[in-house]
Amino acid sequence: MHYPDQLLYQVTKPARYSGGEWNAVRKDWERTPLKFVLSYPDVYEIGMSNMAVGILYEQINAFPKCLAERVFTPWTDMMQMLRANKLPLLSLESGRSLAEFDVIGFSLGYEFTFTNILSMLDLAGLPVWSRERDDSYPLVIAGGNAALNPEPVADFIDLFVIGEAEELMPSLIALLQQFKQAHGRLNKTLLLREAAKLPGVYVPSLYDVTYADGYYQVLVPSVPEASARIRRQLVSKLPPPPVKPVVPYIEVVHDRGAVEIARGCSHGCRFCNAGMVYRPVRERPREEIMQAIAAITENSGYDEVSLVSLSSGDYSQIDTLVADINTKYGTKLALSLPSLHIDAHAIKLVDNLPGRRKSGLTFAPEAGSARLQRVINKHIPEENLLATAALAFERGWTALKLYFMLGLPTESDEDAENIIELVRKVKAQGSKVSKRAPQIRLTLSTFVPKPHTPFQWVAQEKTENISRRHELLKRGLAKRDVKFSWQDTRVSLLESVISRGDRKIGRVIYRAWRMGACFDGWSEYFNFELWHKAMQEEGIDPHWYACRERPLDEIMPWAHIDTGVSAEFLKNEYSHAMNAVLTPDCRASGCNICGLEGQWC
């Protein structure tokens, strides 16, 4: 069944819940033994823009005896309607309750979606704690970047997929099919112990956690099938990209086709979790990209395609690729490169993109001083930045967005003041080209130390220091006619608590959710007072998790997750950061011995 029209008439954007989109896969429910429902736990427009869900959707549906459907977090008005009418959360394809599926899979990309997971399980009629779900309930699994520290949500999830799903899912699906055929259901007690034998599978219930004086101490397997360390799974060669994307009836965040042209990044920015954990760099052949673009445009009708990578401009054949696309499609197809390290080459590259309107460009220096850029290993010489800005203005761009982080390790007020001077110089470049002053928009975020990075040991800057630097910048930029925005420092504090948390934080997440926390990544629903109360009631000091310098020998809650990047490399990079020493790009200057050398590089 699907939701009745009289209910959908009463909520915003009913197409979020109606299904029936172009290219949606609808398999025979009765004749398909193994049933998945997949979700990025956020509103439809964001979930439908998540590449991981699209990859898994196509991969699982390629198995003849499996089906994959989709579900996303209903917006608050729809949540109220479902609860008021005692209706369960339904999948988009068949309109089945989530409780009818064998497996519910969540892609975790951001810590502030964790309360949404609990809302979705609850709306489906499932207990949120994994220990309370017996064999009559679906298996709840999760993967994704935010699952590389699984501990904050370990008590809600039955099984984590650690690493790249294309490598791991075939063996997991084979095991699930074996159990479904043998038992007619997924016998969790037996299944989870067998699944724990698979490379890249982490089953939290098969481990015991101990603490000493409040500190996370050790996580030990409680059964022989469970491994002490879980190795992130990697594909050596990128598998074929999805080419039949589901086309929504409403506008979504990324309302275009997408082809992943490369995976991984070698720049080595020390604050960047994705740059560390998605190593090594693997490129898709240019011919395969061209074939994928042709298939996507034919199958979807999109007239814009995004070439996706952590650093699209680093693709070794990017100029030839863009030229080939221009030659084949001309102005019939618009291209976007969503992630570029802006330099003179990138400006010329973007200038050549078909369908590109010269409205605005984004620069991300991240730090205002050369010293601090060396600390974070993202050094952009001031003369290079100014020359690139000048070239952009000369070629017709009228607006620039500048991204900086505050609270970076070793940062001082003087480093923040350098941002003001750098913005002044960038603006002056535009004034030289045109009598009309360029539009400059400055966006400030607060640095959050992330697991599996060289900064996982550092203390997050205290909120009072960040607030003081906000005021310093506001005063200094008020005279420059620069628009700027900044993030609530409490958002960053909570993000740090959750991202570097242990299983105790799961109780905080549960308590905050019970008090009404949901859509925490949305400013209109973020309620720090509610979270603060939840932490108080659970005896959690947020500053102990976020604002405490951690010794290099402290055992981290995510220490059992092996990303392939060695602890020694991270410690060396931490030392380089504290001494403001740059580490060169390994693709340009030779191997940095990060732990992935050998078969991967």
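- Heavy atoms of other residues, nucleotides or ligands lying less than 6.0 angstrom from CD of Glu287 number more than 12.
- Within the model, atoms CG of Leu335 and CG of Leu321 stand 7.5 Å from one another, a figure rounded to the nearest 0.5 Å.
- Relative ring orientation between Phe112 and Tyr110 is described as tilted, the plane-to-plane angle lying within the 30° to 60° band.
- Taking all atoms of both residues into account, the shortest heavy-atom contact from Ala294 to Lys328 is CB-NZ, 3.8 Å.
- Here Arg232 pairs with nothing under the side chain to side chain donor-acceptor pair (under 3.5 Å) rule; sequence neighbours left out.
- For Phe156, the ring pair (Phe, Tyr, Trp, His ring centres under 6.0 Å) partners are Trp129, not counting sequence neighbours.
- Remark: Phe101 engages Trp29 in a ring pair (Phe, Tyr, Trp, His ring centres under 6.0 Å) (not counting sequence neighbours).
- No hydrogens or angles considered: nothing links the side chains of Tyr315 and Ser309 as a donor-acceptor pair under 3.5 Å.
- Side-chain contact, Thr12 with Asp77: a donor N or O sits under 3.5 Å from an acceptor N or O.
- For Glu298, there are no side-chain contact (heavy atoms from CB on, under 4.5 Å) partners, not counting sequence neighbours.
- Under a 3.5 Å cut-off, the side chain of Asn149 and the backbone N or O of Ser499 do form a donor-acceptor pair.
- With sequence neighbours excluded, no residue satisfies side chain to side chain donor-acceptor pair (under 3.5 Å) with Thr453.
- Separation of atoms CD (Gln6) and CE (Met81) is listed at 9.0 Å; rounding is to 0.5 Å.
- Sorted by first and then second residue, the side chain to side chain donor-acceptor pair (under 3.5 Å) pairs with a member in residues 318-327 read Arg286-Asp324, Asp319-His345; sequence neighbours excluded.
- Ion pairing between Lys450 and Glu111 holds under the 4.0 Å rule for side-chain N and carboxylate O.
- No more than 12 heavy atoms of other residues, nucleotides or ligands shown are found within 6.0 angstrom of CZ on Arg441.
- Glu45 has a carboxylate O that lies under 4.0 Å from a charged side-chain N of Arg16, or vice versa, which qualifies the two as a salt bridge.
- Atoms CD and NZ, from Glu69 and Lys27 in turn, are 10.5 Å apart once rounded to the nearest 0.5 Å.
- To the nearest 0.5 Å, the span separating CD on Gln317 from CD1 on Ile289 amounts to 8.0 Å.
- Note: Phe484 CZ to Leu402 CG = 12.5 Å, rounded to the nearest 0.5 Å.
- Using a 4.0 Å cut-off between charged nitrogen and carboxylate oxygen, Arg587 and Glu283 count as a salt-bridge pair.
- Atoms CG and CD, from Leu168 and Glu164 in turn, are 10.5 Å apart once rounded to the nearest 0.5 Å.
- Under 3.5 Å, the side chains of Ser119 and Trp513 contain a donor-acceptor pair of N or O atoms.
- Between Glu21 and Arg70 there is a salt bridge, with a side-chain nitrogen of the basic residue lying less than 4.0 Å from a carboxylate oxygen of the acidic one.
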